[in-house]
Number of protein chains: 2
Amino acid sequence: MEHVYVSDIAKYEGQEVILKGWLYNKRSSGKLHFLQLRDGTGIIQCVVFKGDVPEEIFNLADKITQESSIIIQGVVRADKRSPIGYEIGVKGLKVVQMAEDYPITPKEHGVAFLMEHRHLWLRSTRQHAILRIRSEIIKACRSYLDDNGFILIDAPIFTPAACEGTTTLFETDYFGEKAYLTQSGQLYMEAAAMAFGRVYCFGPTFRAEKSKTRRHLTEFWMVEPEMAYYDLNDDMDLAESLLEHIVKQVLKNKRRELETLERDISALEKIEKPFPRITYTEAIEILNKKGMTMTWGDDFGGDEETVLSKEFEKPVLVHRYPLQCKAFYMKADPQDPRLALCVDVLAPEGYGEIIGGGQREDDLKTLEQKIREHNLPMEAFKWYLDLRRYGSVPHAGFGLGIERTVAWICGLHHVRETIPFPRLMERITP
Amino acid sequence: MEHVYVSDIAKYEGQEVILKGWLYNKRSSGKLHFLQLRDGTGIIQCVVFKGDVPEEIFNLADKITQESSIIIQGVVRADKRSPIGYEIGVKGLKVVQMAEDYPITPKEHGVAFLMEHRHLWLRSTRQHAILRIRSEIIKACRSYLDDNGFILIDAPIFTPAACEGTTTLFETDYFGEKAYLTQSGQLYMEAAAMAFGRVYCFGPTFRAEKSKTRRHLTEFWMVEPEMAYYDLNDDMDLAESLLEHIVKQVLKNKRRELETLERDISALEKIEKPFPRITYTEAIEILNKKGMTMTWGDDFGGDEETVLSKEFEKPVLVHRYPLQCKAFYMKADPQDPRLALCVDVLAPEGYGEIIGGGQREDDLKTLEQKIREHNLPMEAFKWYLDLRRYGSVPHAGFGLGIERTVAWICGLHHVRETIPFPRLMERITP
């Protein structure tokens, strides 16, 4: 007899099959036990009727504990009351392992307790929905770029030097030398873009920030496209198209999961190009109108991002920040050299920054000057400067933070549930 | 006028287009300059005929140096002598930046020099072919698993404890505590498999091994599937199907790149299921027949793998190694408890191990005993033992090393060219 998965159950209507999984929940009523079996692909109700099975099977069904591993043999029956349209009429039941008292019960648990039991918490319906959406978002990023002429070029994790100071870097001993864990693959993607035209990397990045906000993880994933012969406008067009594609794919393939999370789906359905684009200067004006006291030149923190992103129903592209708040590799706006040709994208509904990027300085002399002004070690950037020596071109790129994007699309307050095993300032287990 | 890419050029036959790229090579003959323009998607010959362009353009074409960034305007013409079937009749030419003397010339360079100039070396045809094949292999791994009921569950990079001793681990200070960089996502994937049934992670892993062999990198990528209710045979079936799929996708989509590398394509065309499966004991017999002096119980090193893998035209699955050589989580063979239910897959043509995996110990008491025997800290494995306490099931998985797979499929002697920015014991730059 065939071992089938809950997600494929419709193909087996009327047939006797084997299901292998775990007991998610159970209720009993006289001559019936209703076993909710979960097998990772879905949950199905398995009905044990006293008249259908030997007495020892019926009694076993009564004794099975939550999360025990079970193998069920039975007939697939259409059932209109079932959320998935089918249930199983049980003929046989085997317990693979009877679980001890499972620590996560249907009652409410505190976040600290759940985080400590993340290896088990992953089994809950809500975590399933979030992580399936995460997986869909990652797939959407890759498919969009793969289908639009980009090539995946993995950036290294170990880097010899710090681009922007070492205070937020994790350091390791590398056979007697110091090495740092990457904060961004950007500089490497610039080299790759000069070789392949349009490239992206997609991997974990690390920040040793002493931040305990709802938007910070020490280890998080980023997708970073970088494109030769792109200017800031091309860069913004790509960011917009990529985000639209991601949201559409989730709406198309993970609607049930959004419903499980009680996400306001209508808010996601509004995410269509074009997105609003405002300058930093306009953003400052909006913030001041909202009662915040911002001076031109101030950088935005979490609070400002929250306020700004609540102003729009779609992601908003905020471009041309003051050059002084930005990294050394940002290109100055030829129209107004106080400004950088950069863009941040803030997700709506208060979610804030999910993308940061812009056009890179492509002139050798200007870049050398910037490295000196930022007191960075010229020698460490020798290879990076080579990119301006040998066929420099205008180019641009950005980084999209996966966990913040998952938080926004799922409608989660905190990023800690957006990644399977979150790493926070005070958490590195399990 | 439209900016088009070389890879799309066939769509524009007879039209005037703009190409943006770099000068890969050039030759001149009287009234003609033949400029090889590369734009990352391909290389196309652009013909500058003295009679077609103003004199300053013709003279500029004469002066352009290798790797200068150029924008060419011209007409797409079919040309049978061209490897891509088309060339450009140049009407306009602009130099974006005139490159200084490019360090990588058509003459031979030493490996150390090329590695030091990796950021530029990436621009060569050979590196393009390798990295395009790498990208195809990664895509094939993901598409195979995504299309076969697996869900991507990213494993953490920071881990609190060492599974198998700390000597080959990179360590970092994590806000006052010690943390280690992951060597494998396996233990986390076991937790995820109990939640989602069939899962995989795909990310960088790290080994601080003092090895300078052609098979070792300190930072390398692995795809690691893990499946609940799978035994060793199911695991071997999956490994076989995944490898077959990867090779077929490369043959289908990257044949030209294989030709560029002068890869023996017929060797890859033989990679079809079923693959040979031999026991460790049989492998020992083969090695001894080949003149090596192996005693039952010895582990295989690089030399043994090379010899074994030359014996077969397809990847060979070597299963059931002595339990004593293997990690604590390996399940003992109930038929012969001296053996582990594990498998290594060795790529043919001398390439050696590309996959390691097997069935995991799923009994709580046995696993606790193994942790004690291996002198590992029980407390660190509390969460891992929970997986045997709450619904334990037979399960199995494996890790496929991307760089070794790329080396095999591309036919490369050393893994250093299989990753964009290789990290070796003595190299962490650029």
Side-chain angles (χ1 to χ4, degrees), chain A residues 5 20 22 39-41 67-69 96-97 99-100 102 119-120 122-123 131-132 135 138-139 146 149 151-158 160 170-172 174-175 179 188 191-192 194-198 203-204 219 221 228-229 383 386-387 389-393 419-421 423 425 428-430, chain B residues 5 20 22 39-41 67-69 96-97 99-100 102 119-120 122-123 131-132 135 138-139 146 149 151-158 160 170-172 174-175 179 188 191-192 194-198 203-204 219 221 228-229 383 386-387 389-393 419-421 423 425 428-430:
Chain A
Y5 288 93
K20 299 181 177 182
W22 296 266
D39 73 351
T41 73
E67 283 301 321
S68 288
S69 37
V96 179
Q97 191 247 338
E100 299 176 20
Y102 190 65
H119 54 296
L120 303 176
L122 291 178
R123 302 181 185 188
L131 293 177
R132 283 187 192 289
S135 144
I138 292 172
K139 218 193 295 184
D146 289 344
I151 174 167
L152 171 71
I153 297 289
D154 293 305
I157 306 298
F158 287 130
F170 287 103
E171 183 185 307
T172 190
Y174 193 87
F175 305 104
Y188 297 94
M194 300 305 134
F196 292 91
R198 287 163 296 174
E219 175 185 318
W221 289 68
Y229 288 107
W383 70 268
D386 274 357
L387 308 176
R389 220 169 248 130
Y390 307 113
S392 190
V393 302
I419 186 164
F421 296 93
R423 296 298 184 242
M425 195 185 147
I428 195 179
T429 56
Chain B
Y5 288 94
K20 299 181 178 183
W22 296 265
D39 73 352
T41 73
E67 284 302 322
S68 288
S69 37
V96 180
Q97 190 247 338
E100 300 176 19
Y102 190 64
H119 55 294
L120 302 176
L122 291 178
R123 303 181 184 188
L131 294 176
R132 284 188 190 285
S135 144
I138 292 172
K139 218 194 294 185
D146 289 343
I151 172 168
L152 171 72
I153 298 290
D154 293 304
I157 305 297
F158 287 130
F170 287 103
E171 186 185 306
T172 190
Y174 194 86
F175 305 104
Y188 296 93
M194 301 305 134
F196 292 91
R198 287 162 297 174
E219 175 185 318
W221 288 69
Y229 287 107
W383 71 269
D386 274 357
L387 308 176
R389 222 170 246 130
Y390 306 113
S392 190
V393 303
I419 186 165
F421 296 93
R423 296 299 183 240
M425 196 184 146
I428 197 181
T429 54

Do B:Ile157 and A:Ile157 have side-chain heavy atoms sitting under 4.5 Å apart? no
Distance in Å, A:Ile138 CD1 paired with B:Leu152 CG, rounded so as to fall on 0.5 Å steps: 5.0 Å
Are the side chains of A:Asp146 and B:Lys139 in contact, using a 4.5 Å heavy-atom criterion? yes
Hey, is the main chain of B:Phe158 close enough, under 3.5 Å, to the side chain of A:Arg423 for a donor-acceptor pair? yes
Can you tell which of B:Asp39, B:Ile151, B:Leu122, B:Thr429 has the highest number of heavy-atom pairs within less than 4.5 Å of chain A? B:Ile151
To the nearest 0.5 Å, tell me how far A:His119 NE2 sits from B:Leu387 CG. 6.0 Å
How long is the straight-line distance from CZ of B:Phe196 back to CG of A:Leu131, given to the nearest 0.5 Å? 4.5 Å
Under 4.5 Å from a heavy atom of chain B, the part of A:Ile419 involved: neither
Side-chain heavy atoms of A:Asp154 within contact of B:Trp221, under 4.5 Å: yes
To the nearest 0.5 Å, what is the distance between CE on B:Met194 and CD on A:Glu67? 11.0 Å
For chain B, the option from A:Ala191, A:Ser392, A:Ala179 that forms the most heavy-atom pairs under 4.5 Å: A:Ser392
Max heavy-atom pair count under 4.5 Å with chain A, selected residue of B:Ala228, B:Pro156, B:Ala99: B:Pro156
Taking A:Trp22 for its side chain and B:Gly391 for its backbone only, find out whether a donor-acceptor pair lies under 3.5 Å. yes
Parallel, tilted or perpendicular: ring planes of B:Phe170 versus A:Tyr174, cut at 30 and 60 degrees: parallel
With no hydrogens and no angle check, is any side-chain donor or acceptor of B:Thr172 less than 3.5 Å from a backbone partner on A:Glu171? yes
Do you know which of A:Ala195, A:Pro420, A:Gly40 has the most heavy-atom pairs with chain B at a distance under 4.5 angstrom? A:Ala195
Would you say A:Phe175 and B:Ile428 make side-chain contact, with heavy atoms under 4.5 Å? no
Pick from A:Ser68, A:Gly197, A:Ser135: which one has the most heavy-atom pairs with chain B under 4.5 Å? A:Ser135
In Å and rounded to the nearest 0.5 Å, what is the CZ to CD1 distance from A:Arg132 to B:Ile153? 8.0 Å
Spacing of OH belonging to A:Tyr102 relative to CZ belonging to B:Arg389, to within rounding of 0.5 Å: 13.0 Å
Between A:Thr41 and B:Arg198, is any pair of side-chain heavy atoms under 4.5 Å apart? yes
Tell me, for A:Pro204 versus chain B, whether the close heavy atoms (under 4.5 Å) come from the side chain, the backbone, both or neither. side chain
For B:Tyr390, does its backbone N or O pair with a side-chain atom of A:Glu100 as donor and acceptor, under 3.5 Å? no
Could you check if a side-chain atom of A:Val96 sits within less than 4.5 angstrom of a side-chain atom of B:Tyr229, using non-hydrogen atoms only? yes
